[in-house]
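Below: one structure, written as structure tokens.
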Amino acid sequence: QVQLVESGGGSVQAGGSLRLSCAASGRTFSSYTMGWFRQAPGKERNFVAAILWRGGSTYYADSVKGRFTMSRDNAKNTVYLQMNSLKPEDTAVYYCARNFRSSDYDLAYKYDYWGQGTQVTVSS
């Protein structure tokens, strides 16, 4: 049983930074690809970032490249999303998730466990 809990969301002004954390309980996830997704009101849940279980390679949506950095601490069963230079367009509920172990790290339906989400609001 895996429980993912996000934290670190909040409200910031454009250009500010936040660091989201996703802590897993009940099971380690060192062998799983982990991802971050976000969903804005009225929009689909979109891929933000992923870190592969093997090698730790990271992938990012074009919209966040150069601004967001994903990392993981397997010893703590925690993944992070450092978000810099935030824009109003980044406003969304952010979710962390565990992948099925497919190569499709950017597809929401390839993830089997999801956190409850944390709200990020960026004002102009």
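Just so it is clear, the model here is predicted, and its values are computed rather than measured.
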Stepwise side chain to side chain contact (heavy atoms under 4.5 Å, CB included) test for Phe68 and Asp90: CA-CA 11 Å; Phe68 291 10; Asp90 297 318; 3.9 Å; yes
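Annotation for Pro88 and Ala14: closest pair CD-CB, 4.1 Å, computed over non-hydrogen atoms. The minimum heavy-atom distance linking Arg98 with Val2 is given by the pair NH1-CG2, 3.6 Å. Of all non-hydrogen atoms in Leu4 and Ala24, the two that sit nearest each other are CD2-CB, 3.6 Å. Residues Gly9 and Leu20 come closest through the heavy atom pair N-CD2, 3.5 Å.
Within 6.0 Å of the CD atom in Gln119, the count of heavy atoms belonging to other residues, nucleotides or ligands exceeds 12.
None of Tyr95, Tyr94, Trp114 except one satisfies the ring pair (Phe, Tyr, Trp, His ring centres under 6.0 Å) rule with Phe37; the exception is Trp114.
In this structure, the ring of Tyr60 has its center no less than 6.0 angstrom from the ring center of Phe47.
The main-chain N or O of Cys96 is found under 3.5 Å from a side-chain atom of Glu6 such that the two form a donor-acceptor pair.
Tyr80 and Val120 sit in two unconnected hydrophobic clusters of ILVMFWY residues. Membership requires side-chain heavy atoms under 4.5 Å apart, directly or through other members.
Using a 4.5 Å heavy-atom threshold, the side chains of Leu18 and Leu86 count as touching. In this structure the side chain of Thr58 never reaches within 4.5 angstrom of the side chain of Leu52, judged on heavy atoms. Here the side chains of Trp36 and Ile51 are not in contact, with every heavy-atom distance at 4.5 Å or above. A heavy-atom distance below 4.5 Å is not found between the side chains of Lys110 and Tyr105. Put simply, the side chain of Glu44 does not reach to within 4.5 Å of the side chain of Gln39, judged on heavy atoms. Between Arg67 and Lys87 there is a side-chain heavy-atom pair separated by less than 4.5 Å. No side-chain heavy atom of Val12 sits under 4.5 Å from any side-chain heavy atom of Met83. You'll find the side chain of Tyr113 stays beyond 4.5 Å of the side chain of Gln3, heavy atoms only.
Between the CG atom in Asn99 and the CG atom in Asp112 there is a gap of 7.5 Å [rounded to 0.5 Å]. Considering CE of Met34 and CG of Asn74, their distance stands at 10.0 Å, rounded to 0.5 Å. Taking CZ of Arg38 as the reference point, atom OG1 of Thr118 lies at 14.0 Å (rounded to 0.5 Å). Between Met70 atom CE and Leu81 atom CG the span is 7.0 Å, to the nearest 0.5 Å. Atom CZ of Phe100 and atom OG1 of Thr33 lie 12.5 Å apart (nearest 0.5 Å).
No hydrogens or angles considered: nothing links the side chains of Asp73 and Thr78 as a donor-acceptor pair under 3.5 Å.
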